[in-house]
Amino acid sequence: KSILSEEVLRERMFDFLKNIGVTVTTIENYKKNYKTKNGVDVSAQALADFSNQVVAFREGKVETDVLTEEVAHFIIEGWNEQEIENLLRNTHKTESYQEHAEKYREIYQREYPNQDVENLVRREVLGKELKGNIAVKLHSGEEGNQNFLKPDFWRPIIDKLNGTVV
């Protein structure tokens, strides 16, 4: 059984983002090139911009758990809205909400004064919650077929994401 290195796992997540059309950059380059989020909080480790399909990381440093959270934000935005609304209704009951809601409320009130700030805060918290609770549904082909991927291939990725196969 081979274990993938942290570097290889990150590269595979970068490949995934690239395959869905998402560009990865630094927050500094993001602000310079896109100028759509001039009020980015400089303490942010990362941000996800759905309209421009960009993920930006502070000083270009990409930690796996931060990358996983930003990928979770893209999943939230692309998922069935009714299902997401059901999850958002309960985010205020989480430890992540208690820990982060006020900080994000201040940031979002400043950056998006005319939007539903509570919805934005709950979406942010949901991304934090999902990063540690990822379900992985996959089909690896059938053993003996040319494109069959052995479970040992997927296990390091699933383990690193703290995922559960469903």
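Numbering starts at 1 and runs along the sequence shown.
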Could you walk me through whether V54 and V22 satisfy the side-chain contact (heavy atoms from CB on, under 4.5 Å) test, starting with their C-alpha distance in whole Å, then the side-chain angles of each, then the deciding distance to 0.1 Å, before giving a yes or no? CA-CA 5 Å; V54 174; V22 176; 5.7 Å; no
Here the pair of heavy atoms bringing A72 nearest to G127 is CB-O, 3.8 Å
Exercise. Got a salt bridge between E118 and R105, using NZ or NE/NH1/NH2 to carboxylate O under 4.0 Å?
Worked result: yes
Of all heavy-atom pairs linking V121 and Y104, the shortest is CG2-C, 3.8 Å
OH of Y108 to NZ of K103, rounded to nearest 0.5 Å, is 9.5 Å
Nearest heavy-atom contact between Y97 and V125 is N-CG1, 3.6 Å
Notebook entry, point to check: Less than 4.0 Å between a side-chain N and a carboxylate O, is that true for E69 and R123?
Noted result: no
Smallest heavy-atom separation, T64 atom then R10 atom, equals OG1-CG, 3.6 Å
| said: When you measure from the side chain of N29 to the backbone of T25, do you find a donor-acceptor pair of N or O atoms at a distance under 3.5 Å? | reply: no
Give a yes or no on whether the backbone of A48 and the side-chain of Q53 come within a donor-acceptor separation of less than 3.5 Å. no
Does the side chain of V24 come within less than 4.5 Å of F14's, by heavy atoms? yes
To the nearest 0.5 Å, atom CG of L126 lies from atom OG1 of T94 at 9.0 Å
### Message
Any non-hydrogen side-chain atom of E124 less than 4.5 Å from a side-chain atom of H100?
### Response
no
Less than 4.5 Å apart, any side-chain heavy atom of Y30 and any of V55? no
OG1 of T68 to CG of L130, rounded to nearest 0.5 Å, is 11.0 Å
When rounded to the nearest 0.5 Å, the distance separating OG1 of T26 from CZ of F57 is 11.0 Å
Taken to the nearest 0.5 Å, the spacing of E77 CD from I75 CD1 works out to 11.5 Å
d(T91 OG1, R122 CZ) to nearest 0.5 Å is 4.5 Å
